[in-house]
Amino acid sequence: MAAGGRPPLALLLSLPLLVTLFSSPPASAADDTIAANSSLADDETLVSAGGVFELGFFTPAGSTARFLGIWYRGIAPQTVVWVANRDAPINGTTASLGLNATGSLVLADQSGRVFWSSAPSNANATGAPVAQLLDSGNFVLRDGGGAGAAVLWQSFDHPSDTLLPGMKLGWDLTTGLDRHLTTWRSPGDPSPGDYTFGIDIRGVPEGFIRYGGAAPVYRNGPWNGLQFSGEPEMEPNNSNFRFEFVANVSDVYYTFLVDGGGGGVVSRFVLNQSSVQRYVWPPGGQAWSLYWSLPRDQCDRYAQCGVFGVCDTSSGSPACGCVHGFTPASPRDWALRDSSAGCRRMTPLNCTGDGFLPLREVKLPDTTNATEDTTITVDQCRQRCLANCSCLAYSASSIKGGDSGCIIWSSLLIDIRHFAYGGEDLYVRLAASDLPSNGDGSRKKNIVVVVFVSLVVLVLFGFGGFFIWNKLFRNRGRFQSTQRFNSFDSSIPLTPVQDRKLEDESGQNKDLNVTLFDMATIAFSTNNFATWNKLGEGGFGAVYKGELEGGQTVAVKRLSKYSTQGLDEFKNEVMLIAKLQHVNLVRLLGCCIHGEERILVYEYMENKSLDNFIFDKGRSAQLNWSKRFEIILGIARGLLYLHQDSRYKVIHRDLKAGNILLDKDMNPKISDFGVARIFGDDTDSRTRKVVGTYGYMSPEYAMDGVFSVKSDVFSFGVLVLEVVSGRKNRGVYSSGEQASLLSQAWRLWREGSAVALLDEAVAGAGAYRGSEVWRCVQVALLCVQERPDDRPHMSEVFLALGNPGAVLPQPRHPGFCSDRGSTSTDGEWSSTCTVNDVTVTIVEGR
Ligand SMILES: *[C@@H]1O[C@H](CO)[C@@H](O)[C@H](O)[C@H]1NC(C)=O
Ligand SMILES: *[C@@H]1O[C@H](CO)[C@@H](O)[C@H](O)[C@H]1NC(C)=O
Ligand SMILES: *[C@@H]1O[C@H](CO)[C@@H](O)[C@H](O)[C@H]1NC(C)=O
Ligand SMILES: *[C@@H]1O[C@H](CO)[C@@H](O)[C@H](O)[C@H]1NC(C)=O
Ligand SMILES: *[C@@H]1O[C@H](CO)[C@@H](O)[C@H](O)[C@H]1NC(C)=O
Ligand SMILES: *[C@@H]1O[C@H](CO)[C@@H](O)[C@H](O)[C@H]1NC(C)=O
Ligand SMILES: *[C@@H]1O[C@H](CO)[C@@H](O)[C@H](O)[C@H]1NC(C)=O
Ligand SMILES: *[C@@H]1O[C@H](CO)[C@@H](O)[C@H](O)[C@H]1NC(C)=O
Ligand SMILES: *[C@@H]1O[C@H](CO)[C@@H](O)[C@H](O)[C@H]1NC(C)=O
Ligand SMILES: *[C@@H]1O[C@H](CO)[C@@H](O)[C@H](O)[C@H]1NC(C)=O
């Protein structure tokens with residue numbers, strides 16, 4: 001919940017900014033109070049003293065009814081954070097909000113029909129009551145003026161769907177007040193919807209999103225002193241924000257606060273149907289941006305894996321496993337991915353001879369029936385659990401300043417998930433014979449269960465843990481860092497030893513600046529690899545946008561997991577790639593190694609990738625012919641450098657429009673180069689795994705995994721045709737009716753009308769040189785010839801493109817690859833690729 005977590009540092013506005021943002025000229029000296037016996041008519045509003053919030057009547061988009069609500073004054077579109085008469089829409093504009101003599105706010109129309117009132121208040125008015133809208137967004141009814149007067153009622157005690165800074169989510173146990181969020185029924189209907197989000201105070205308190213007031217949809221886990229167990233990315237403290245969770249005899253609540261500094265966060269935390277979302281309004285922004293949201297993935301769904309099940313997205317599919325020592329209760333359903341029946345214990349507990357299995361980095365199971373004792377140590381907790389035969393598991397109750405306290409589970413364990421990063425230790429009671437150290441090899445073989453412990457070690461950093469982190473850490477460079485911050489940020493440069501080694505090889509690496517990033521830094525910068533930060537997906541893994549300390553935007557490439565390389569090999573390859581520096585190559589800034597994770601950090605390109613332009617109807621016109629020609633030349637230059645000029649001949653293997661990035665001036669830069677090397681098979685010209693992209697793969701590579709610089713040349717040819725035509729080469733291998741781009745180009749070429757291939761968006765504009773188009777098509781067709789030997793080298797390509805007088809050979813027919821039918825013996829790829837009508841069945845295209 002809190003999750004929204006960590007303080008949206010980025011969102012802090014300095015006070016001056018706030019003022020300019022919100023206090024648009026004091027349009028009339030709008031008042032912020034309603035005094036006794038006065039009222040607010042439909043066409044009037046209250047504006048808080050600092051001009052931050054406004055209270056009045058509004059009509060939601062798509063509705064005709066009137067509601068009384070509070071919204072941000074300076075933000076359009078109108079963002080309502082509180083609604084009074086959610087259940088009672090007002091017809092017409094005759095209603096008004098009044099404050100009567102006994103101190104109740106009453107929303108009624110002229111006929112006296114009451115739509116809403118603040119009664120009953122928990123105190124009696126003695127002086128003249130006054131209702132005031134504060135800059136916090138709280139609408140407060142006080143007994144008499146003055147800030148010290150008793151509060152009779154406040155809107156913060158009756159949240160709608162939004163939690164603002166300073167609002168409490170949870171319970172006032174002395175009055176029994178339960179403050180929880182209830183979603184709107186729909187965007188145009190503020191009446192209470194089906195989902196609620198609140199704190200359950202049974203057992204150890206936890207937050208729940210529930211459906212229909214009962215069925216849990218999401219659980220954020222008990223507070224562990226720093227964060228909620230299910231939201232390990234939540235950063236409890238930093239210089240501007242504070243997340244607090246209070247649980248004592250009088251109060252149980254969560255709140256987030258803006259700390260000192262005179263700053264203010266324009267951030268709201270909202271329950272939006274089944275999802276909690278934190279939105280922020282960036283300084284100078286035009287719209288709310290989604291900062292964080294829950295649930296993150298399937299493992300966040302309550303009890304996804306049933307009792308004694310463990311959910312883990314990073315272990316691949318299926319996500320569900322059983323705790324070690326347990327086996328699926330219903331193996332058939334389990335096999336069909338229905339894990340709701342959960343797991344059952346294999347060996348009954350015998351009470352005296354049991355032991356504990358630690359589950360590391362998990363979200364603690366549902367604590368609704370658990371008991372907590374914060375006064376004892378974890379060791380005492382263990383003893384207490386051992387001594388009580390009904391104890392099934394225990395954990396520390398606080399991890400703040402080391403583990404301490406005790407939570408004990410005596411009924412079932414449910415809703416456990418494993419995090420890639422963060423999470424806590426849970427000790428599950430098992431019969432001695434089921435404890436891993438006691439099991440012999442043969443026994444282990446019989447255990448069909450996911451051995452969770454080993455997973456913990458092996459599987460680091462799945463989606464799970466990370467969603468939130470990054471987002472929260474945006475722009476942190478603007479602010480003073482906390483200690484924890486600093487430790488995450490520490491970017492350790494590669495050791496001098498390694499530097500020297502590489503320097504020896506190339507002799508000119510003085511300014512080579514490869515940084516070994518900390519996983520936490522990367523996780524934070526990309527919001528735990530949040531889907532909304534994803535820029536794209538390449539043959540070697542997904543790319544995310546990230547923001548480092550200091551505000552530098554980077555592109556973070558998370559390599560797919562089938563690299564077999566060791567640590568040193570990886571580092572060396574990275575150093576090598578980092579040395580490939582060219583104006584037409586994206587610069588590698590550093591890498592990150594964590595467990596099995598291999599991550600590369602690149603400079604960020606403002607205009608994203610070429611495919612966003614050439615294949616997009618709206619944007620393709622932005623690239624006129626001369627720009628396109630420059631882009632083609634730039635790519636050729638970059639590829640030439642990779643193939644020939646750099647000391648380490650690098651074959652790209654996944655050249656495609658999506659891997660050509662454009663900087664702010666639309667200069668092309670090749671990305672993803674050299675990554676193939678990281679997968680450890682670059683020295684071998686035959687690869688087990690075909691990594692590449694359908695439509696760009698040369699026949700010999702697609703069919704046989706044989707690659708060479710000439711496979712890149714083929715891809716380059718396809719790319720050139722795409723840039724010229726604005727068409728994607730999807731159909732290369734598709735059969736029949738729809739001609740592929742290559743066959744179309746080939747046909748037009750033979751008909752002598754190659755220029756007709758030109759993208760209409762460009763051709764229409766008129767300004768292009770037919771000869772250049774012609775030359776590009778010819779060169780491209782030379783590049784996509786079927787036999788690798790027929791294809792030119794990049795040096796020839798570059799010369800041909802840049803030199804109008806060059807005499808070029810006539811291309812032969814392009815390589816359309818045919819299905820070889822049943823695969824022949826390994827190694828032989830004698831079958832000829834024929835023109836047209838083919839299907840590739842054996843390729844793993846991406
Ligand atoms: C409000 O009206 C009531 C009854 O008309 C009166 O007794 C009371 O003094 C008024 N209060 C104020 C603050 O004017
Ligand atoms: C609201 O007004 C509409 C049209 O004026 C009328 O049909 C409807 O019955 C009214 N609803 C209520 C609840 O008064
Ligand atoms: C003020 O409004 C409340 C709530 O509607 C009502 O209970 C109370 O009687 C009203 N007081 C007066 C003086 O009208
Ligand atoms: C308010 O007044 C009523 C009636 O006079 C009384 O019963 C009640 O105890 C009072 N409540 C408070 C909080 O003073
Ligand atoms: C956060 O900071 C506040 C004030 O500086 C301090 O009282 C509190 O203990 C800190 N919380 C954590 C979890 O460090
Ligand atoms: C509970 O905690 C809140 C917030 O820290 C505090 O205001 C309140 O006095 C505490 N209650 C008790 C009984 O300690
Ligand atoms: C709810 O979420 C949708 C998209 O998921 C978004 O468009 C909408 O603005 C959100 N509503 C609120 C109140 O933030
Ligand atoms: C429980 O296990 C211990 C150790 O394996 C054994 O000595 C003891 O007899 C067992 N007790 C029962 C009741 O099975
Ligand atoms: C808590 O106990 C109740 C009553 O025994 C049971 O129905 C429920 O399933 C338990 N829930 C959890 C999470 O242990
Ligand atoms: C054992 O734990 C159960 C459940 O927490 C509790 O009810 C019971 O009193 C405990 N027994 C002893 C001897 O502590």
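Residues take their numbers from the sequence shown, with the count starting at 1. Please read all numbers here as calculations on a predicted model, not as lab measurements. No hydrogens, no waters, no symmetry mates; every other heavy atom, side chains included, goes into these values. Read the numbers this way: they start at 1 and go in the same order the structure lists the ligands and their atoms.
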Tell me, which protein residue and heavy-atom name are nearest atom 7 (O) of ligand 7, and how many Å apart are they?
-> Y279 OH, 4.8 Å

Short side-chain donor-acceptor distance under 3.5 Å, D135 and S48 = yes

Around atom 12 (C) of ligand 9, find the nearest protein heavy atom and jot down its residue, atom name and distance.
-> N369 ND2, 3.1 Å

Modelled atom types, side-chain donor and acceptor of T59 and R66, under 3.5 Å | yes

Can you tell me which residue and heavy atom of the protein come closest to atom 9 (O) of ligand 6, and the distance to 0.1 Å?
-> S250 OG, 4.6 Å

Looking at R268, which atoms of ligand 7 are within less than 4.0 Å of one of its heavy atoms?
-> 13 (C), 14 (O)

Using a strict cut-off of 4.0 Å, indicate which atoms of ligand 9 neighbour a heavy atom of L412.
-> 12 (C), 13 (C), 14 (O)

With heavy atoms under 4.0 Å as the rule, classify the contact between W288 and ligand 7 as side chain, backbone, both or neither.
-> neither

Cation-pi geometry met for R268 and Y279 (6.0 Å, 45°) | yes

Can you list the atoms of ligand 6 that are under 4.0 Å from a heavy atom of D251?
-> 1 (C), 3 (C), 8 (C)

Show which atoms of ligand 6 fall inside a sub-4.0 Å distance from at least one heavy-atom site of V249.
-> 13 (C)

Which is closest to atom 3 (C) of ligand 6 by heavy-atom distance: V252, N248, T174?
-> N248

Side chain to side chain contact (heavy atoms under 4.5 Å, CB included) partner of I70, the single match among T162, V83, V81, L164 = V81

Consider only side-chain N and O atoms of S155 and N138, and report whether a donor and an acceptor are under 3.5 Å apart.
-> yes

Looking only at N/O atoms, are Y253 and ligand 6 under 3.5 Å apart anywhere?
-> no

Determine, for R185 against D194, whether the closest basic-nitrogen to carboxylate-oxygen distance falls under 4.0 angstrom.
-> yes

Say whether S411, considering both its backbone and side-chain N or O atoms, lies within less than 3.5 Å of an N or O atom on ligand 9.
-> yes

Counting distance only, does the side-chain N/O of R429 pair as donor-acceptor with the main-chain N or O of C391 below 3.5 Å?
-> yes

Determine, counting only non-hydrogen atoms of the protein, whether one lies under 4.0 angstrom from atom 5 (O) of ligand 9.
-> no

Is there a protein heavy atom less than 4.0 Å away from atom 14 (O) of ligand 7?
-> yes

Backbone or side-chain N or O of N272 under 3.5 Å from ligand 7 N or O | yes

In a check of side chain to side chain contact (heavy atoms under 4.5 Å, CB included) between F356 and each of L386, L430, V428, L426, which one passes?
-> L386

Cysteines C305 and C320 with SG distance under 2.5 Å | yes

Under 4.0 Å from a heavy atom of Q277: give me the atoms of ligand 7 that qualify, with their elements.
-> 1 (C), 2 (O), 5 (O), 10 (C)

